[in-house]
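For reference, the structure discussed in these notes is given below.
Because only heavy atoms are used, hydrogens play no part in the values below, and waters and symmetry mates are left out as well, while side chains stay in.
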Amino acid sequence: MKLNSKIIFHIMGLLLLCNGGFMLLATLVSGIYNDGATLSIALAAITTMFVGTFAMFYTRGHKKEVKRREGYIIVTFGWLVMSFSGMLPYLFSGLIPTVTNAFFETVSGYTTTGASILDDIEVMPEGILFWRSLTHWIGGMGIIVLAIAILPLLGIGGMQLFAAEAPGPSADKLHPRITDTAKRLWLIYVGYTLAETVLLKLAGMSFFDAINHSLATLSTGGFSTKNLSVAYWNDQPLIQYIIILFMFLAGSNFVLSYFAFKGKVQRVLQDEEFRYYTGFVVIFTIVAALVVYLKAEVPISHYHPMVLGSGESAFRHTLFQVISVITTTGFVSADFTSWTPFMTVFFFGLMFLGGSAGSTSGGIKVMRHVLIIKNGLLEFKRTLHPNAIIPVRYNNKTVKEQIVYNIIAFFVLYMLLFIIGALVLGAMGIDFVTAIGGSASSLGNVGRAFGGLYPLSNFNGLPDAAKWWCGFLMLAGRLELFTVLILLTPYFWKRT
């Protein structure tokens, strides 16, 4: 079957046009603050939009069909096109002069990972910082639309479970309801962003810091305008509680937010994944808070002298870090690697959890963990009753065996890629703790790690090859593994 290359290039052109439009918004911010980067960002926007316009003009009259093969290519290459064009403001301004570092910062933004190579964030021009946060926000919304509308068609990692709740594409062409679904989700996404911005401003943040942190929170990205991340506001608990609330919302399925706004609260409360997601946050926070309160007599960060002593402080910082890591946001209110050895291992484990499917968070996702555990427990029954048909149930419905196998395959591939990722980093001369932390953080889109990549450090010290490798892991993890890895198989490119 011949590949419909025209539709692929047409959509790439459309993405470039959108990306250039967002760059113009960053240009406006740069101009308002007169930060010296206005012309550089404007030139990047014009270049991006020119290439996008040319691609769309050249592919006019294309067949409006997106089949599976085109779908895989569009998803992966779409993120690459956004990343390569998105690094132009950094390069044109000279603030991140090397392609390696500029690509790393950009792909970390679009994949909502939040890992950075910047040693001093606070000296960067406002327009560049705003663009940096925008890459998060663009990538976050893209992931929601992807999870709800595109991945069910491609059969990625059990995402078919969403098909009934939010109808996506039909077998051969984009379904009209995708547009409606995307509009509703955009409205919720924008609404949450504006609400958090207003609340953070009222709580004491400057407007610029508030909008940037809102863009990073709702996308579960983690880029901050401060070197200390959210630890900069450790003496303002209200700011941290507001960010905690919106991290939790961003880590839940956005379709549930839609149901809640429609008044269908019971449907939200009955959702199995939401109940587990909430339960995990509560249980892990209680465990962590008790350990920290009883055992950790260390500073909250390497820069703040405050000691974890009071009950409120211990609770707030553990709740913040638990939600930040589970939702893969990556904001930091404290250096959790300095609390106790147990807590270091504890947070390493949380890196593999992930938030809800249909959210902006990365990681394996709660839904997959629940179904894998359920299937594992049912194996005991199947062993005792080999002739019985004992299906896995999710939200009181039987889950098809094919979906269960798909999820198990996803989990195995995820763990294999994590191990390979750490081995490759180790082969580059990176120490063991940093290698496994960097691999888990990049693949799970967490942004914070251990060893040389501890929470208040960055990825700048890694060799260039390691940065490109981490960029690949970020992309693979963000796009649910299969989407990226299938393009590396020879039979994908064979004509059928």
Side-chain angles (χ1 to χ4, degrees), residues 19 23 26 40-41 44 48 76-121 123-124 128-140 142-143 216 219-225 227 229 328-330 332 362 417 421-422 424-425 427-430 434-435 437-479 484:
N19 217 23
M23 285 181 200
S40 300
I41 303 173
T48 302
T76 301
F77 280 85
W79 248 263
L80 284 173
V81 163
M82 295 290 277
S83 296
F84 279 110
S85 62
M87 70 183 185
L88 294 182
Y90 301 130
L91 292 173
F92 287 0
S93 65
L95 293 163
I96 304 180
T98 67
V99 172
T100 296
N101 282 349
F103 178 77
F104 182 92
E105 196 76 12
T106 312
V107 77
S108 177
Y110 284 113
T111 59
T112 72
T113 303
S116 180
I117 51 83
L118 296 177
D119 291 319
D120 191 351
I121 296 165
V123 300
M124 301 294 282
I128 291 294
L129 288 178
F130 184 72
W131 171 244
R132 190 168 168 261
S133 301
L134 264 182
T135 58
H136 269 346
W137 198 74
I138 298 164
I143 283 301
S219 62
T220 65
F223 278 156
S224 176
T225 54
N227 293 326
S229 187
T328 71
T329 305
V332 174
L417 192 53
V424 170
L425 291 175
M428 295 177 187
I430 297 167
T434 304
S439 179
S441 175
S442 299
L443 188 60
N445 307 123
V446 180
R448 306 291 174 170
F450 309 94
L453 306 174
Y454 70 93
L456 291 165
S457 180
N458 60 49
F459 283 62
N460 196 30
L462 295 182
D464 282 358
K467 291 171 186 172
W468 285 100
W469 177 245
C470 285
F472 166 75
L473 293 177
M474 290 177 202
L475 192 67
R478 180 75 281 182
L479 300 183
V484 176

Query raised in the report: Has the side chain of Ser133 got a donor or acceptor atom that lies under 3.5 Å from a matching backbone atom of Ala216?
Result: no
Report task. Say whether, by atom type as modelled, one donor and one acceptor occur between the side chain of Thr329 and the main chain of Gly221 under 3.5 angstrom. Result -> no
**Report entry** Flag for Thr98-Thr100: side-chain donor and acceptor within less than 3.5 Å
**Finding:** no
Query raised in the report: Is the closest side-chain heavy-atom distance between Leu425 and Thr434 below 4.5 Å?
Result: no
Requested in this report: Find out whether Phe223 and Glu105 are in side-chain contact, i.e. whether some heavy atom of one side chain is under 4.5 Å from a heavy atom of the other.
Outcome: yes
Query raised in the report: Taking the side chain from Ser229 and the backbone from Val332, do they hold a donor-acceptor pair closer than 3.5 Å?
Result: yes
Requested in this report: With rounding to the nearest 0.5 Å, note down the distance linking CG in Leu88 to OG in Ser40.
Outcome: 11.0 Å
Query - Atom CZ of Phe472: over 12 foreign heavy atoms under 6.0 Å - result: yes
Query raised in the report: Which atoms form the tightest heavy-atom contact between Ala435 and Ile430, and what is the distance?
Result: N-CG2, 3.8 Å
Query raised in the report: Do Ser442 and Phe459 come close enough that some side-chain heavy atom pair is under 4.5 Å?
Result: yes
Query raised in the report: Can you tell me if Ser116 uses its side chain to pair, donor with acceptor, with the backbone of Leu118 under 3.5 Å?
Result: yes
Query raised in the report: Strictly by modelled atom types, are Thr48 and Asn19 linked by a side-chain donor-acceptor pair under 3.5 Å?
Result: no
Query - Within-4.5 Å side-chain heavy-atom neighbours: Asn458 and Ile117 - result: no
Query - Close side-chain approach of Ile121 to Ser224, heavy-atom, < 4.5 Å - result: no
Query raised in the report: Is the backbone N or O of Val107 less than 3.5 Å from a side-chain atom of Trp79, with the two atoms forming a donor-acceptor pair by type?
Result: no
Query - Pro89 versus Ile41, closest heavy-atom pair with distance - result: CB-CG1, 4.4 Å
Query raised in the report: Taking the side chain as C-beta and beyond, is there a heavy-atom pair between Tyr90 and Leu95 under 4.5 Å?
Result: no
Query raised in the report: Looking only at atom types and distance, does a side-chain atom of Arg478 sit under 3.5 Å from a main-chain N or O of Ser108, one as donor and one as acceptor?
Result: no
Query - Minimum heavy-atom distance between Ala115 and Phe104, given as atom pair plus value - result: O-CE2, 3.7 Å
Requested in this report: Indicate yes or no: at least one non-hydrogen side-chain atom of Ser219 is less than 4.5 angstrom from one of Ile138.
Outcome: no
**Report entry** Expected output: side-chain Thr112 to main-chain Gly139 donor-acceptor under 3.5 Å
**Finding:** no
Query - Heavy-atom side-chain proximity of Leu453 to Ser441 below 4.5 angstrom - result: no
